[in-house]
Amino acid sequence: MAEPYDPQQIEPRWQEFWARERFAAADTAGEKGLYMLMMFPYPSGDLHVGHGRNYILGDCLFRMFLMQGRKVLNPMGWDAFGLPAENAAIRRNIHPREWTIGNIGRMKDQFRRWGILYDWGKEITSCEPEYYRWNQWLFNRMLEKGLAYRGKSPVNWCPSCRTVLANEQVVSGECERCGTLVEQRDLEQWFLRITAYADRLLEGLDRLPDWPEKVKVMQRNWIGRSEGCDLRFRVEGVEEPLTVFTTRVDTIYGATFVALAPEHPLVERFRSTAPDADFGEFVDGLRNQTRLQRESEGGEKEGRFTGAWAVNPFSGERIPIWVANFVLMEYGSGAIMSVPAHDERDFAFATRYGLPIRVVIAGPGMGEGTVLSEAYSGPGRVVSSGPFNGLASQEAIPRMGAFAQEKGFGTGRVRYRLRDWLISRQRYWGTPIPVVYCKNDGIVPVPDDQLPVVLPTDIEFGKVEGNPLARSASFVATTCPKCQGAARRETDTMDTFVDSSWYYARFINPHVHDAMLDEGRVRRWMPVHLYIGGVEHAILHLMYARFVYKVLADFGLVPGDEPFSVLFNQGMIVGKSSVTGRLEKMSKSKGNVVAPDALIARYGADTERVYTLFMGPPEKEAEWTDEGVLGAHRFLQRVWALQDAVADAAGRAGEGSANERLRIATHRSVKRVHTDLERYHPNTAIAAMMELVNAIGETQQEAGEGALREAYETLLKLLHPFAPHVTEELWRLTGHEGSLLRAGWPTFDAALLARQRVTLAVQVNGKLRATVEVEPGLDPDAAAAAAREAAAKWLEGKEVVKVVHVPDRMVSLVVKG
RNA sequence: GCCGGAGUGGCGAAAUGGCAGACGCACGGGACUUAAAAUCCCGGGUCCGAAAGGGCGUGAGGGUUCGAAUCCCUCCUCCGGCACCA
């Protein structure tokens, strides 16, 4: 009898062995291999079982690749800048760096205890100057190309995080990180010109067939490309024309007013002349509202007449200019031509304020005089539009656009919802933006040879409002690189998404000191073949990374122009919350965190791994249950116990049919595990191995040593990526030396699988009536004969008019009478 | 509102045009045990039937097909994303 299965005793030993033997080390100087990567984590400290999913799946695939003898780069690092470290500094008076490094140590240890292998020789920590200096270097390059710029605009301010945020980091009016309502502030900030890459970001998605459709759709929506034209309206009494953006020039004869955003510069000119006494108050009220407030007020459309008139450039008609709460300064030109008949919002506004509604697009069943009860925004025939009458709206759009262009009051224009990427943050724990402000020379970049601009350490946290960096005298006071005069350093730091926008390329050459990237290596190893991470980064990280990669490609530093060939999004692990009683993402506040430590102490890391991979398809959300863990543990117990079955069969030839049955089961499992892993379905791969365990159990009395050994050893190999510790141990116990990682990945004998008898389903008129066991590869006539015999009782007195034969699967008989 | 995804036993799920429910959990019965735990064996979609066998069954309704969980149309519900974007 074997010793009892004791993961406590087994697991640490193998973890040490794998580290010592450096199985995960990949030489990127040599020839190209497969590059797989899991999104590097923020080192927040403790990991729970929900975090494990991503890493366990990655490790499972990695180990299979290693067993297949492939060369694989599988690195790990730390997205180490960010607010939690600074908040910890304020609360607990510990330096952010110290806090971060401590957490990294704990997380690395957790990875080790999960049995997860990484090439730690290539570890990256983004808060170290040797890493972030290249953020600064890249910033300088982008500054040279005009891709980085300083600009003033209304920006999102999170009062709790005390910093501005990029648009992508505001989720329905709230800070993505802390949930606080963001405010609008007019500030001068640093931006990266991601909008210059909008079309390429869009077009690149079409060349990513192995990305989830969902992510691509989200990015497309976020970029929000729309084609239309800018039209210039003359405003009575005003010199400069007013530009509006529209995608529906075809409706312009139906424009009965023009609407301006409250922030539109033209509004100021009408402040004193507008007819309503509360005009100024109204405008100021809107300007002080947050975006969310403005939208939340029941979607109620509100506005005021400015007292001014615009002239429709097509018809020459005078139409009033209004200020309206539903017009956004951030989009288009902050001014629209309003066509109530054909736009839902304009319709609501016109109805409320008694403005005319004029049909100019006749949809099905509509004519010139039709009175609408709601806006019609579909296509139709152009009416009441002078020379354009009778055109189909689809046709009128280009025709009328061209007309406007010809006459000089219109220009074809593509607009995007996407805004430039605001990267300045008024916080300490990030990459210093490498510029200085000089009285003589203005904004001066810090020259490359003076990089990195290192974060100072003489910092006091938490005492006063504002960026602690700005209070570091030694940091702020500097000299101008141009004139050597006194100058002031920029104290804003970069958004941490800058760090993660290119780290994947640095992993290939983390120790190059005189360049951001080693061109030769990067050229061989990029793009990342398989990128695994959570869907929460569908827009943020993944779009920034695609943008920066394209910039790097334009600088000639990287090959191609997409960084990640295959993207795999794992789903969340959720647990029943003791607070809300519902299934929620694991978090301390929800009281549903399962810590790996106790689990590993009781059942072992292999059990956690098998359960995590067995829960369901990894792209789906899955609920953690203690009973499920038990099932995974039982499975490993059975595998452990089966070593006796092999030992007991020593010297036994066994019974032929049992041997054959077991061998077929073995090879079928090899085939299934392999194909299931290839399509990222570890759950069904485990099911296949469970079936093999059952098959070994059923035949262990009759089968011979050869078949049992083959079955068991194959099982150990197949199971190794899932449960690495116990399989290594069993591999030794069954008399082998070395590691399963070097034992090769099993292949299956197709000829053997082709020999197994098959069960044909027999259908009569589409209903299953019988099954019949036959030799594989039966020809249609023989199959039909077997089917007729099996279903004889259903064919009595009937005529078979058609036979459908699906080889080795079924025969369908169609009968009449 | 728009876009995307999903809906299958008591539960997690499998099957992507060919025997629905593999595999596991929970449950029921049995063996072992003084007993329990652990382990092992057997049984579970549902209805009729003692059984053999049959009817029904993959959110609802319709369609295509010899054959549909799978393809098409209409609708319902849930989840996710975007949302006054001109």
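Letters A, B, ... are given to chains in the order of the sequence lines, protein chains preceding strands, and every chain is numbered from 1. As the structure is a computational prediction, the values presented were derived from the model and not from experiment.
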For B/A20 and B/U8, measure between their C1' atoms and round to the nearest Å. 8 Å
Protein-to-nucleotide contact annotation, 5' to 3' order, nucleotides 8-18 of chain B [B base; S sugar-phosphate only; - none; under 4.0 Å, heavy atom]: ----BSSS--B
Using the side-chain hydrogen bond (donor to acceptor under 3.5 Å, both in side chains) criterion, which residues pair with A/E691? Sequence neighbours excluded. A/R672
So what does A/R769 hit on the nucleic acid, given a heavy-atom distance under 4.0 Å: a base, only sugar-phosphate, or nothing? sugar-phosphate
Please state the P separation for the pair B/A13 and B/A22 - nearest whole angstrom. 15 Å
Distance, P atom - from B/C27 to B/C19, rounded to whole angstrom: 32 Å
Test ring-ring contact (aromatic ring centres under 6.0 Å, His included) applied to A/W222 - qualifying residues, sequence neighbours left out: none
Would you list the pairs meeting salt bridge (Lys or Arg N to Asp or Glu O under 4.0 Å) in which at least one residue belongs to residues 248-260 of chain A, sequence neighbours left out? A/R248-A/D250
If I take atom CD1 in residue A/I686 and atom P in nucleotide B/A22, what distance separates them, rounded to the nearest angstrom? 17 Å
For A/A632 and for A/E213, locate the closest nucleotide of RNA chain B by heavy-atom distance; then report the residue assigned to the nucleotide nearer the 5' terminus. A/E213
Would you kindly give the NZ-to-C1' distance between A/K767 and B/U65, to the nearest whole Å? 15 Å
Separation of the C1' atoms in B/A26 and B/C47, to the nearest angstrom: 24 Å
Taking the side chain of A/K793 as heavy atoms from C-beta outward, which of B/C66, B/G53, B/A86 is closest to it? B/G53
If you look at every strand shown and take non-hydrogen atoms under 4.0 Å, does A/N694 touch a base, only sugar-phosphate, or nothing? sugar-phosphate
If a pair satisfies salt bridge (Lys or Arg N to Asp or Glu O under 4.0 Å) and one of its residues is in residues 779-788 of chain A, list it, with sequence neighbours excluded. none
Would you indicate what A/S338 reaches in the nucleic acid, counting non-hydrogen atoms under 4.0 angstrom: base, sugar-phosphate, or nothing? nothing
Out of B/G81, B/G80, B/G24, minimum distance to the side chain of A/M218 belongs to B/G81
Side chain of A/L630 - closest among B/A86, B/A26, B/C23: B/A26
Across the strands shown, which category fits A/W794 at heavy-atom distances under 4.0 angstrom: base, sugar-phosphate, nothing? sugar-phosphate
Over all strands shown, is A/R634 touching base, sugar-phosphate only, or nothing at heavy-atom distances under 4.0 angstrom? sugar-phosphate
How would you label the contact of A/R225 with the nucleic acid (heavy atoms, under 4.0 Å): base, sugar-phosphate, or nothing? nothing
Look only at the side chain of A/N765 and the backbone of A/V815, and say whether a donor-acceptor pair between them is shorter than 3.5 Å. yes
Applying ring-ring contact (aromatic ring centres under 6.0 Å, His included), name anything that partners A/F568, two or more places apart in sequence or on another chain. A/Y680
A/K301 to A/F326, cation-pi by 6.0 Å centre distance and 45° axis angle: yes
Not counting sequence neighbours, which residues clear salt bridge (charged side-chain N to carboxylate O under 4.0 Å, His left out) with A/E627? List them please. none
Interatomic distance, A/L201 atom CG to A/R225 atom CZ [nearest 0.5 angstrom]: 12.5 Å
The salt bridge (charged side-chain N to carboxylate O under 4.0 Å, His left out) partners of A/D808 (sequence neighbours excluded) come to none
Categorize A/G224 for me: base, sugar-phosphate, or nothing, with a 4.0 angstrom heavy-atom threshold over every strand shown. nothing
When you get a sec, tell me which of B/A20, B/A26, B/A86 is the closest nucleotide to the side chain of A/L768? B/A20
Could you spell out the base pairing of RNA chain B in dot-bracket, with Watson-Crick or G-U pairs whose two distances are under 3.5 Å, [ ] crossing and | to another strand? (((((((..(((.....[....))).(((((.......))))).((((....))))..(((((..]....))))))))))))....
Choosing from B/A26, B/C3, B/C23, which nucleotide comes nearest the side chain of A/E691? B/C23
Listed nucleotide nearest any side-chain atom of A/M690, set B/C84, B/C23, B/C19: B/C23
If I pick the C1' atom on B/U70 and the same atom on B/A14, what distance separates them, to the nearest angstrom? 13 Å
Between B/C66 and B/G17 - C1' atom distance, rounded Å: 12 Å
Considering every strand and a 4.0 Å limit on heavy-atom distances, what is the contact class for A/T771: base, sugar-phosphate, or nothing? base
Look at A/K214 and B/G5 and indicate whether a side-chain polar atom (N or O) is within less than 4.0 Å of OP1 or OP2. no
Using atom C1' in both nucleotides, what's the gap between B/A31 and B/A37 to the nearest angstrom? 16 Å
With sequence neighbours excluded, what pairs up with A/R769 under the salt bridge (charged side-chain N to carboxylate O under 4.0 Å, His left out) test? none
For RNA chain B, which residues of residues 781-788 of chain A approach it to below 4.0 angstrom with any heavy atom? none
Listed partners of A/F409 passing ring-ring contact (aromatic ring centres under 6.0 Å, His included), at least two apart: A/F314
Less than 4.5 Å apart, side chain to side chain, heavy atoms only: is that true for A/H674 and A/F748? no
